[in-house]
Each structure stands twice: as structure tokens, then as C-alpha cells.
Amino acid sequence: MLDIKFIREHAEIVKEGVTRKGEDPARVDEALALDEKRRHKLAHAEQLKARKNSVSAEVAKKKSKGEDATAVFEEMRKVADEIKSLDHELAAIEADLRNVLLAIPNIPHPSVPVGRTPEENQIVATWGEPPVIDFKPKPHWELVEKLGIIDFPRGVKITGAGFPVYVGKGAKLERALINFFLDKAEAAGYTEVMPPHVVNAASATGTGQLPDKEDQMYVATKDEFYLIPTAEVPVTNFYRDEILGEKQLPIKMCAYTPCFRREAGSYGKDVRGLNRVHQFDKVELVKFVHPSTSYDELESLRADAERLLQKLGLHYHVLLMCSGDLGFTQTKKYDLEVWSIGQQKWLEVSSCSNFESYQARRMNIRFKPAAGGKPEIVHTLNGSALALPRIVAAIIENYQTPEGKVIVPKVLHQYTGFEVIG
RNA sequence: GGAGAGGUGGCCGAGUGGUUGAAGGCGCUAGUCUCGAAAACUAGUAUAGUCGUAAGGCUAUCGAGGGUUCGAAUCCCUCCCUCUCCGCCA
């Protein structure tokens, strides 16, 4: 969420940013009104508390001298009641204010193009060329079935649609990619973590999954646990409610986890094969950085993700998302899309975002400036490096042979132990 | 899951109703001393909100929330977490 003080002091900037995101700026005024009301009540309540405290001190003094102090009890009883009711009103106002603040999106960075639809995203880089082949390429779902490396029907039997089973070389390819991605992340300075795959409500709120995106998560209701939709959730919450040292920054972490997404409301959209599944593997990069460096860190994060695609030899391009296509909590985002020849389309395999202080404020992650002074909120960023299933789809389609075999990219050989599937 | 113990500042730890935001120690920072360092000594050392141009004031916070009371770190209730023993178990 945004800082209420920042909103108070820069109401117009915030409203303008909210509008660019395609959200309703009226919430900003709502927040300001609640804030005004809150501070008014707070001043009143604190006055009464100050009175209570000073009277209490006097009572203590009198009692220690053996004097009678019952004269003020009657009045203080009333003051106590009044304080209690003001505190209740305040709690209600604060809860309302927080809810309104949570409903105000992060505002786009000035370098983000203004736009409303995905068509207005800008292609800012392209790498490689589509594979040149002289036969009709097949989509991956046909290839994997023939090769017997991914079993969709049995996944349906075991769990349901969107839960593929990787078998034999398919499983090994998956594992090889995970190890490859993690090794590269480690080489780029990221510390590997293996976090829990379910989180509590506080963590899900910290990264912004709750309250808005509750429908997208699987919930273990008995224990109020949420299956993670991305490693971003547990990893970013690693430092929730902590104060870091400025010298520790930037902190770079990577994590492999399975990701669980209900994908409610997306039925029929790109759902064939591995394009959209309910459980998938992903290696995620997360950074906690000094506010002055977060946009440089975004560029290097993107470079870290791009390097993987280059090593795999996959033709891709980079999209700079327009203001309207940014996520609620993001200020700037790049999507990496890989060309998949069998489907003749671009598949999103990574999304690299800067959240500035928006997530960190919700999570209360701060750092103590080395020069002294008050703790400041860190900036957080994250990016996929990379999401597995679409990479698997792209590899299988782009590296297919006329006979329906798949050549494994060279960088993976040391991980797979085989060079061809089929 | 059963029984018991406990959760106090960066850490250890005192505190069972009244100037206790909280003794003492450790750590950390600065200063004195020293050629320099150590030691010693002195001082400082939480977070947040709010008011104020500022200096500074006020309020809150002793796991969380509620209650009792003129007054709660201290008493009561609920919840969370940690530890020990037993049970179960990869």
C-alpha cells in the first residue's frame, strides 16, 4: 500500500497515477477523508489519555503519603469510559482506512508508457530468430503424448485438469531445468532458499494476494493456509516486520517452488497442454534493495532472466508493460515472451517487476540508514527465472525433429544426462 | 494429540497493581586515556503515531486481543508461539 503521508502531501500525483493505471481515483479522496477524521479523533483521545496519566501519577503520590484520593475516581471513571469508546471508534476508522489504502494501487513509474490494453505494451528488445525448419511443426501436447513424457489424462485422474504428470525423460528434463536455473541464479549472486509451500494469511496479505486475489489461491481451510501461487509470497515475507542493515542491501534470493493457481475465470483461454496449468514449477528471483537503486536492480533482474533464455537458445522478446496492464502492486514491469513454433505464438515465461515500497510497507520491511536516522522502507522486486512449463513447451516445440524427437539444448546435457528425447 | 513450563528492549535478564519505556549486564556508537590498540572510565543507544517551522511535547507498545481497576508488564479470559516429557510419525 502507499504511505498515507505521501498521499496527504501528494494527493494530485497519486490520483493521476491511479488514473493512469485505469483505477478509480475517488478512493484517494476517501482515504484522505478517513485520515482527517482519524487524526481528529486521535487528538481527542490522546488528550484524555494524557489527563488520565497525570491524574494516575497524582493518585500514586497521594497514596504513598497515605492521603485519600477517592475524590477524582468518579471523574476518572467517566474519562476511562470516554477513552474506551473513542478507541473503539478509532479502531473502526483505522480499519476502514487500511482497507481503502489496500484498494489504492501502486502508481506507475514515469518511464512506463500510458495505455490501457495489452496491445499498448511496448516491445523493447528481441533476441534470436525463430527456428528454421522445413516441416510442419507440431504443438507440444502432441509431441509429449507420443513421447510419453508428460501424461495429462492420468493427471486428470489423480487430481484434475491442469495437473500434468511428468514421466521419465519429461520428469528429468523438468528437474534439469530447475537445477540449471538455480545454478545460474546462484552464480549471479542470489542466495537459494527453500521456503514453505503453504503460507498463512498475513504472508498472503503482505505480497498482495489477499484480499484481492483470494480466488486465485487454493486454501487449506482447516488451518487457514494458502498454497503459494509463486515463491514470491514466502520469500518476500522472509523479512516481514524486520529492520535490515543498509550494508546488507541489496539482498538477492532465489527459490524453486511448485506454484498453485486456481486460474478461476480463465477457462478456455490458452489452456491446451502446458500453456496454463494449476500446478507448475518455477524458479523465482527476489530482491530487497535500497530505494535509490531499485530501477537499476530491475534492469539487472531482467538481464538475469534473459540470460537463461539466451543460453537455452530460445527466441524471445521483452515487453515493457503499459500503465493499464501493470499489476495492482507494480510500478514497472517487463514480461519475457518466448516464441513457440508449434503453436506459432509467444508464451510468457517471465515477469520482472519493481514494487518500490508498496509490498514492503505492507510487510513492514525496513532498513536502518548507515548514516543514522529513521529506518526507511526497502524496495522489493521479483522476477521469474523462469516459469517451467512454458519453457518446456517452447523447448519441445522449437527443438523438435521431423521424426517427432526432441533435441535437448546443450546447456542442459550435464543436467539431463541425455541429448535427445525419443 | 496428552501433561507441564514459559513468552519483557539488538541479546541475556530483573520486575506480581502506582512517576517502570521498563533495574542490572552484554552488545553497539561517541568521547576521555594511548604513539596506536586493548582495558578502564564517561555519555548515548527502541519503534510507531500525532502536534509543532523547529526545539520539543503528547500518546501507544513488556507475544496478540479482550476484561477487571482511578491506575496493569504485574490480576482474569481467549488465542498464538516456544521449550520439556509422553504418544504418534516421514
Side-chain angles (χ1 to χ4, degrees), chain A residues 1-9 31-102 194-206 210 220-226 234 237-249 251 258 357-378:
Chain A
M1 63 185 162
L2 295 174
D3 183 7
I4 183 62
K5 277 192 210 154
F6 181 83
I7 296 176
R8 217 186 279 156
E9 286 156 24
L32 288 171
L34 281 167
D35 178 50
E36 183 74 36
K37 203 165 146 193
R38 171 185 143 264
R39 284 185 295 151
H40 184 253
K41 287 255 188 248
L42 186 64
H44 190 193
E46 290 192 346
Q47 259 170 23
L48 291 175
K49 284 178 188 177
R51 164 105 178 112
K52 182 188 87 171
N53 287 343
S54 73
V55 170
S56 281
E58 280 168 37
V59 170
K61 222 181 276 177
K62 283 193 178 171
K63 286 246 174 174
S64 70
K65 288 190 209 151
E67 293 172 19
D68 178 72
T70 51
V72 293
F73 286 5
E74 181 65 19
E75 183 207 341
M76 285 302 108
R77 239 188 299 265
K78 278 187 197 140
V79 170
D81 283 347
E82 202 174 342
I83 288 172
K84 198 184 285 183
S85 84
L86 277 170
D87 275 348
H88 280 130
E89 288 176 49
L90 264 171
I93 292 168
E94 275 164 13
D96 288 348
L97 177 59
R98 185 175 164 84
N99 285 335
V100 173
L101 286 176
L102 289 177
M194 290 202 98
H197 298 170
V198 293
V199 296
N200 56 32
S203 294
T205 305
L210 291 180
T221 49
K222 235 178 194 173
D223 299 288
E224 263 204 85
F225 287 156
Y226 299 82
N237 275 279
F238 191 82
Y239 288 114
R240 173 152 52 86
D241 291 319
E242 293 192 31
I243 298 175
L244 307 164
E246 183 173 359
K247 282 182 228 152
Q248 287 175 266
L249 305 177
I251 294 170
S357 59
Y358 196 91
Q359 283 186 331
R361 183 168 297 103
R362 283 190 183 203
M363 275 182 284
N364 197 24
I365 304 175
R366 292 168 294 173
F367 69 94
K368 189 117 184 147
K374 295 219 162 223
E376 293 177 41
I377 312 268
V378 301

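Letters A, B, ... mirror the listed sequences (proteins, then strands); counts begin at 1.
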Measure across [X] and [Y] and return the closest heavy-atom pair with its distance rounded to 0.1 Å.
| X | Y | value |
| --- | --- | --- |
| A31(A) | L101(A) | CB-CD2, 4.2 Å |
| L97(A) | I4(A) | CD1-CD1, 4.3 Å |
| R8(A) | L32(A) | CA-CD2, 3.7 Å |

In whole Å, what separates the [atom1] atom of [N] from that of [M]?
| N | M | atom1 | answer |
| --- | --- | --- | --- |
| G71(B) | G18(B) | C1' | 7 Å |
| A37(B) | U45(B) | C1' | 24 Å |
| C26(B) | U84(B) | P | 30 Å |
| G56(B) | A5(B) | P | 48 Å |
| U16(B) | U68(B) | C1' | 16 Å |
| U42(B) | G25(B) | P | 10 Å |
| A60(B) | G66(B) | P | 15 Å |
| C41(B) | G49(B) | P | 38 Å |

Whole angstrom is fine here: how far is it from [atom1] in [X] over to [atom2] in [N]?
| X | N | atom1 | atom2 | result |
| --- | --- | --- | --- | --- |
| D3(A) | U50(B) | CG | P | 9 Å |
| I243(A) | C28(B) | CD1 | P | 19 Å |
| K61(A) | G18(B) | NZ | P | 16 Å |
| L86(A) | A60(B) | CG | P | 14 Å |
| L42(A) | G49(B) | CG | C1' | 7 Å |
| L97(A) | A48(B) | CG | P | 18 Å |
| E75(A) | G71(B) | CD | P | 12 Å |
| L48(A) | A60(B) | CG | P | 11 Å |

Touch class at under 4.0 angstrom, heavy-atom based, for [X] against every strand present:
| X | answer |
| --- | --- |
| A50(A) | sugar-phosphate |
| A80(A) | sugar-phosphate |
| K5(A) | sugar-phosphate |

Measuring from the side chain of [X] (C-beta onward, heavy atoms only), which nucleotide among [options] has the closest atom?
| X | options | value |
| --- | --- | --- |
| R77(A) | U50(B), U59(B), C70(B) | C70(B) |
| P375(A) | G71(B), U47(B), C51(B) | U47(B) |
| K84(A) | G49(B), G71(B), G67(B) | G67(B) |
| V59(A) | G67(B), U50(B), C70(B) | C70(B) |
| S56(A) | G18(B), A72(B), U50(B) | G18(B) |
| K63(A) | G71(B), G49(B), G18(B) | G18(B) |

- [ ] Please figure out whether A57(A) or R366(A) has its closest RNA chain B nucleotide nearer the 5' end.
- [x]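 The residue closer to the strand's 5' end, by nearest nucleotide, is A57(A).
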TODO: Name the residue closer to the 5' end of RNA chain B, choosing between R38(A) and K49(A) according to the nucleotide with the nearest heavy atom.
DONE: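 Of the two residues, R38(A) wins.
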Task: Residue-phosphate contact under 4.0 Å: N53(A) side-chain N/O, U59(B) OP1/OP2 - done: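 For U59(B), OP1/OP2 do have a side-chain N/O of N53(A) under 4.0 Å.
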TODO: Output yes when at least one side-chain N/O atom of R361(A) is less than 4.0 Å from OP1 or OP2 of A48(B), else no.
DONE: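 Looking at the OP1 and OP2 atoms of A48(B), neither is under 4.0 Å from any side-chain N or O of R361(A).
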Does [N] pair with anything, Watson-Crick or G-U wobble, both distances under 3.5 Å, and if so, with which nucleotide?
| N | value |
| --- | --- |
| G36(B) | none |
| A48(B) | U59(B) |
| U82(B) | A5(B) |

TODO: Scan side-chain atoms only and decide if N53(A) and S56(A) contain a donor-acceptor pair under the 3.5 Å cut-off.
DONE: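 No donor-acceptor contact under 3.5 Å links the two side chains.
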